[in-house]
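Everything below concerns the one structure shown next.
Keep in mind that this is a model prediction, so the values were computed, not measured. Letters A, B, ... mirror the listed sequences (proteins, then strands); counts begin at 1.
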There are 2 protein chains.
Amino acid sequence: MNIGEAARRSGVSAKTIRYYEGIGLIPAAGRTRSGYRAYTANEVETLRFIQRARSLGFSVDEVGALLELWRDRSRASADVKAIALRHVGEIERKIAELDSIRRTLLDLTTRCCGDDHPDCPILDRLASEVG
Amino acid sequence: MNIGEAARRSGVSAKTIRYYEGIGLIPAAGRTRSGYRAYTANEVETLRFIQRARSLGFSVDEVGALLELWRDRSRASADVKAIALRHVGEIERKIAELDSIRRTLLDLTTRCCGDDHPDCPILDRLASEVG
DNA sequence: TGTTGGGCTTCCAGTCACTGGAAGGTCAAG
DNA sequence: CTTGACCTTCCAGTGACTGGAAGCCCAACA
């Protein structure tokens with residue numbers, strides 16, 4: 001099947017499939033006589049795997065590692081779990097950071113009356129750290 | 001003062017200060033006879049403002065808008081509040097997304113025994129969406 | 001006076017993971 | 001035989017920096 005069909009079936013855009021091939025995340029696809037890339041159902045499965053891993057926030061490098069483990073029948077599930085747990089750690093760090101920012105901003109916005117006057121605790125805080 | 005000192009006092013790296021000047025976030029600094037950028041205490045205050053706004057996750061464009069409002073004595077605090085509340089909304093959306101991913105991954109990692117066997121619910125899920 | 005070391009300058013390239021777009025070849029249908 | 005959808009490659013841009021090369025400037029010390 002052509003790249004457009006593979007894109008539709010996998011949820012990965014044609015542009016992105018070419019990009020993945022370019023950076024070596026997936027091997028170069030076969031070609032028709034006229035030079036079009038041709039995909040098998042198997043390759044589409046790989047693309048779906050990639051799509052799901054990316055949507056869980058794994059970096060392209062991590063996805064590469066997960067793909068290798070997926071293909072490796074003698075893998076240790078511990079290796080997969082390690083990648084996933086490291087990723088969970090990063091996500092939790094990000095959530096904590098965002099939540100701290102969120103709490104700060106909610107505090108400031110609550111105290112800003114938001115009318116047509118210039119007085120504003122938000123700007124005060126940005127200008128001087130205490131606010 | 002030189003750019004290095006301004007960087008130290010503001011918490012914005014020299015490289016980044018030049019970058020901010022290049023994209024027009026701050027006006028071009030004055031120069032000494034030999035071409036070194038020269039900063040006043042006031043300009044360092046502006047840099048500190050930028051640094052704090054960036055650390056609260058505002059985009060450089062939003063920081064530009066906040067700077068304009070900061071300098072505008074006839075601003076309406078409602079305009080500042082609107083920017084901040086929109087930003088809070090984005091943060092909450094990101095937190096929700098990360099939390100959903102986190103819950104999925106924790107579920108999968110809990111069910112993955114993480115030993116030297118290949119069986120792995122994490123890979124199963126990436127391979128077939130149900131898992 | 002010479003030189004050493006740090007700081008400053010500009011400019012180009014790289015990061016991450018794509019995305020947009022131009023210029024042109026291919027294919028099936030009408 | 002043409003239309004329109006598809007495919008190809010290649011280059012450039014995104015955000016917000018960061019690294020590094022090549023070269024000028026300046027204060028201090030022998």
Report task. Could you say whether A:Arg33 or A:Ser59 is positioned toward the 5' end of DNA chain C, judged by the nucleotide with the nearest heavy atom to each? Result ->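 On the 5' side of the pair lies A:Ser59.
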
Take the protein atom [atom1] of [X] and the nucleotide atom [atom2] of [N], then report the distance between them rounded to whole Å.
X	N	atom1	atom2	value
A:Tyr36	D:dT9	OH	P	11 Å
B:Glu5	D:dC26	CD	P	17 Å
B:Ile50	D:dC17	CD1	P	10 Å
A:Tyr19	D:dT14	OH	P	17 Å
B:Arg31	D:dC24	CZ	P	16 Å
B:Lys15	D:dT18	NZ	P	10 Å

Requested in this report: Applying salt bridge (Lys or Arg N to Asp or Glu O under 4.0 Å), name anything that partners A:Arg48, two or more places apart in sequence or on another chain.
Outcome: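 A:Arg48 satisfies salt bridge (Lys or Arg N to Asp or Glu O under 4.0 Å) with no other residue.
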
Report task. Report the residues that fulfil ring pair (Phe, Tyr, Trp, His ring centres under 6.0 Å) with A:Tyr20, sequence neighbours left out, ordered by chain and then residue number. Result ->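 Ring pair (Phe, Tyr, Trp, His ring centres under 6.0 Å) list for A:Tyr20, sorted by chain: empty.
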
Using a 4.0 Å heavy-atom cut-off across all strands, classify [X] as base, sugar-phosphate, or nothing.
X	answer
A:Ile3	sugar-phosphate
A:Phe58	nothing
A:Thr32	nothing
A:Arg18	base

**Report entry** Check ion pair B:Lys94-B:Glu90 (N to O, under 4.0 angstrom)
**Finding:**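 Here B:Lys94 does not pair with B:Glu90 in a salt bridge, since their nearest N and O are not under 4.0 Å apart.
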
Requested in this report: Please determine which of B:Asp61, B:Ile50, B:Ile17 meets the side-chain contact (heavy atoms from CB on, under 4.5 Å) test together with B:Leu25.
Outcome: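 The residue from B:Asp61, B:Ile50, B:Ile17 that satisfies side-chain contact (heavy atoms from CB on, under 4.5 Å) with B:Leu25 turns out to be B:Ile50.
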
Query - Segment of DNA chain C, first to last nucleotide, that comes within the 4.0 Å heavy-atom reach of chain A - result: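 Going 5' to 3' along DNA chain C, contacts run C:dA17 to C:dC27.
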
**Report entry** Distance below 4.0 Å between A:Ser34 side-chain N/O and D:dT8 OP1 or OP2
**Finding:**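 The answer is no; no side-chain N or O of A:Ser34 sits under 4.0 Å from OP1 or OP2.
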
**Report entry** D:dC7 OP1/OP2 closer than 4.0 Å to side-chain N/O of A:Arg37
**Finding:**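 So the side-chain polar atoms of A:Arg37 never come under 4.0 Å of the phosphate oxygens OP1 or OP2 of D:dC7.
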
Query raised in the report: Taking all atoms of both residues into account, what is the closest heavy-atom pair of A:Phe49 and A:Leu67, and its distance?
Result: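 Smallest interatomic distance, heavy atoms only, reads CD2-CD2, 3.6 Å.
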
Query raised in the report: Side chains of A:Arg125 and B:Arg52: closer than 4.5 Å at any heavy-atom pair?
Result: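 Result no, sub-4.5 Å side-chain heavy-atom pair not found.
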
Query - Residues A:Asp115, B:Ser77; criterion side-chain hydrogen bond (donor to acceptor under 3.5 Å, both in side chains); working and verdict - result: CA-CA 6 Å; A:Asp115 56 17; B:Ser77 66; 3.3 Å; yes

